[in-house]
Amino acid sequence: MIPRRLTRRDFIKLMGMGAGTLTLGACGLLPSASTNPTAVPAIQTSFPPLPDLPLLAVDLTAGRATLPIFQGAETSVLKYQASVREGSGESVQTLSGSYLGPIFRIRQGQQVQVHLNNELPDETIIHWHGLRIPEVMDGHPRHAIAPGQSYDYDFQVINRAGMYWFHPHPHQLTGPQVYYGLAGLFIISDEEEAALGLPSGEYDLPLVIQDRTFDSQNQMVYLANGMMDQMIGFLGNTILVNGAPNASMEVKASAYRLRILNGSNSRIYKLSWQDGTPLTVIATDGGLLEEAVTRDYITLGPGERVELWADFSSRATGSERKLVSLPFSDFNGGMMGGGMMGGGSSLPNGAALDILRLKIGEKVAEAIPLPARLSTIERLNEDDAVNKNNPRSFTLAMQGMIHTLNNRLFEMDAVAQDEIVRLGDLEVWEFFNLEGSGGGMGMGMGMMNMEMPHPMHIHGVQFQILDRQITRGYESAYQELSGGFVNNGWKDTVLVMPGERVKVLVRFENYTGMYLYHCHNLEHEDAGMMRNYRVDG
Ligand code: C2O
Ligand code: CU
Ligand code: CU
């Protein structure tokens with residue numbers, strides 16, 4: 001039913017034909033004027049307030065900074081500077097010497113206030129990725145603030161324990177602002193998790209993986225391949241962990257909780273221990289699994305998180321372990337970002353990469369054993385969905401050179417009829433990646449069609465994966481990565497491979513209002529692969 005895909009050669013030929021005629025929102029593009037929130041929507045939550053938890057109030061300033069990332073010249077970055085106005089200083093950790101952060105450490109039920117100051121040259125706004133919060137707190141681009149302005153967040157944290165994160169979300173500027181350094185972690189704990197006594201303190205290690213390209217002056221280079229980078233997504237040639245290149249770290253010979261975020265703009269990782277030891281996964285985007293699962297490798301798309309249990313206690317002091325990204329076949333687009341079109345050099349998706357070197361240090365007391373049972377997950381049931389036989393379906397396709405959602409692009413205030421859901425409803429949503437099928441042809445540019453995975457993200461919810469199906473003819477690329485999916489935990493972002501249909505169960509249970517769903521390849525998002533959906537009461 002799906003015609004043969006274009007070959008690379010076809011693709012390059014077509015690119016030559018069409019190049020130069022398309023202008024997408026690049027970093028220099030000025031977004032349209034923003035409006036401030038007017039009305040606060042009815043807030044509905046069944047979560048009981050916990051008055052014994054202290055308020056956390058933080059001033060967060062987004063601005064420029066310079067840091068010594070390499071020997072020699074310092075690197076200009078964008079950075080959030082935090083200062084705690086009220087509450088415990090331990091709730092906000094900074095990563096010293098890094099553009100990343102801060103790391104919020106929050107308990108479920110806590111009230112959080114963040115006063116965001118914009119000292120950037122462009123508008124900005126913060127989105128709290130994965131959190132269930134009211135729409136005016138969610139960082140929609142229509143709430144972006146101009147340079148010199150501020151925005152006040154005030155919300156109760158109702159999510160379960162897990163590693164969430166935050167980053168800018170201004171119109172067409174999310175990619176560059178994240179790229180130049182703006183992103184932090186929002187780690188929530190709850191009573192269920194605390195009772196497990198998982199590794200904590202120095203044994204609880206957040207690891208943010210990103211790729212960047214630096215010039216000979218140690219400065220970050222964004223979108224050097226111009227339009228190609230925008231179409232494929234930015235792929236850098238240097239891997240950084242928590243903002244550091246060639247990352248290596250001393251660990252004790254003990255058990256660790258490694259919390260990994262793929263904070264890259266568009267790169268997909270196929271994470272593995274270099275020695276082939278299986279990875280032990282204890283959590284996904286929305287927190288702990290019911291019990292640990294093992295994988296030979298983990299596939300992690302942009303925006304996705306995974307937590308690993310890593311017990312080094314049987315390793316010899318002085319030995320090393322290496323976390324790597326295994327090679328996999330490039331998608332059509334990857335090679336195009338590889339400098340073929342001129343511009344800067346980059347590593348294609350699927351390149352073998354070293355991620356992190358761990359040096360095993362001294363042995364400490366006894367390592368905590370991995371709990372057999374980690375959490376209780378309420379299983380959503382397809383039979384309870386209001387549309388169980390009729391999923392709300394979103395086709396990911398290409399029109400001209402732009403990736404679209406149901407043939408639409410982002411419009412600041414628009415919500416289509418089929419993008420409205422009802423508060424309290426459980427729904428089946430289906431993402432179908434039709435790219436490379438010929439399904440998106442047309443529109444002037446002609447036969448542009450490439451095959452790309454899209455990490456699809458829904459704001460304001462956590463969902464469960466119901467089903468994944470791969471279209472015939474797409475199996476080989478799929479099978480190189482599908483063994484690394486973890487499908488049985490709470491998710492807010494799911495990688496939808498070329499030719500794949502992913503069905504998720506999602507309940508819109510907390511707040512009414514307008515939220516976003518989009519591809520978390522940030523160049524795709526900035527180019528319009530994003531839409532509003534609305535929860536009506
Ligand atoms: Cu982390 Cu709308 O994104
Ligand atoms: Cu989000
Ligand atoms: Cu995409």
Side-chain angles (χ1 to χ4, degrees), residues 24 124-133 135 137-144 159 162-175 177-179 182-186 208 210 229-235 261-268 285-286 301-305 331-334 337 349 394-399 401-406 409-410 431-436 440 450-463 490-498 500 502 506 514-533:
L24 292 179
T124 197
I125 193 72
I126 289 178
H127 167 58
W128 310 90
H129 181 127
L131 296 196
R132 302 190 288 153
I133 45 181
E135 64 166 353
M137 300 292 124
D138 191 56
H140 190 284
R142 74 190 189 283
H143 295 147
N159 284 67
M163 187 171 83
Y164 306 89
W165 64 301
F166 62 96
H167 58 78
H169 221 297
H171 186 48
Q172 295 179 329
L173 292 170
T174 299
Q177 289 189 5
V178 172
Y179 181 78
L182 296 177
L185 299 172
F186 200 93
V208 181
Q210 297 175 310
D229 278 352
Q230 292 183 315
M231 195 161 50
I232 290 153
F234 172 87
L235 294 165
L261 160 68
N262 180 352
S264 309
N265 283 32
S266 91
R267 184 176 295 282
I268 295 164
D285 304 347
E304 289 187 294
R305 285 87 73 206
F331 312 100
N332 279 352
N349 245 325
F394 301 92
T395 299
L396 324 180
M398 235 180 148
Q399 298 229 345
M401 289 196 220
I402 305 180
H403 307 279
T404 59
L405 296 168
N406 280 346
L409 291 172
F410 182 62
F431 299 108
F432 183 21
N433 187 344
L434 252 177
E435 291 195 350
M450 62 203 308
E451 214 176 272
M452 288 216 59
H454 298 285
M456 292 303 301
H457 169 51
I458 313 177
H459 281 216
V461 294
Q462 291 287 325
F463 53 76
W490 288 105
K491 297 281 293 169
D492 54 52
T493 307
V494 61
L495 191 64
V496 185
M497 291 287 290
E500 190 181 24
V502 179
V506 51
M514 193 161 84
Y515 294 88
L516 297 161
Y517 65 100
H518 60 86
C519 177
H520 219 285
N521 175 318
L522 298 183
E523 287 69 43
H524 293 180
E525 171 185 339
D526 281 346
M529 195 180 192
M530 172 161 79
R531 292 287 302 174
N532 292 314
Y533 77 93

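Quick note: residue numbers are just sequence positions, from 1. Just so it is clear, the values below take in all heavy atoms, side chains as well, and ignore hydrogens, waters and symmetry mates. In listed order, ligands and their atoms are each counted from 1.
- With a cut-off of 2.8 Å, atom 1 (Cu) of ligand 1 has an N, O or S atom of His520 in range.
- Shortest distance from atom 2 (Cu) of ligand 1 to His459 is reached at NE2 (N/O/S atoms only).
- Residues Met529 and Leu396 have side chains in contact (heavy-atom distance under 4.5 Å, counting atoms from C-beta outward).
- How far CD1 of Ile125 is from NE2 of His167: 12.5 Å, rounded to the nearest 0.5 Å.
- His518 contributes NE2 and His169 contributes NE2; the angle these two atoms make at atom 2 (Cu) of ligand 1 is 110°, rounded to 10°.
- With hydrogens and angles left out, the side-chain atoms of Asn265 and Glu523 include a donor and acceptor closer than 3.5 Å.
- Backbone or side-chain N, O or S atoms of Cys519 reach the Cu ion (ligand 3) at under 2.8 Å.
- Side-chain contact check for His140 and Asn532: at least one donor-acceptor pair (N or O, by modelled atom type) lies under 3.5 Å.
- Checked options His459, His454, His524; the residue passing with His518 is His459 (criterion: side-chain hydrogen bond (donor to acceptor under 3.5 Å, both in side chains)).
- Vertex the Cu ion (ligand 3), arms ending at ND1 of His454 and ND1 of His524: the angle is 110° after rounding to 10 degrees.
- Distances from the Cu ion (ligand 3) show that His520 has no N/O/S atom below 2.8 Å.
- Between Thr493 and His129, the side chains place a donor N or O and an acceptor N or O closer than 3.5 Å (distance only, hydrogens not considered).
- Among the atoms of His167, an N, O or S atom falls under 2.8 Å from atom 1 (Cu) of ligand 1.
- Counting just the N/O/S atoms of His129, the one with the shortest distance to atom 1 (Cu) of ligand 1 is named ND1.
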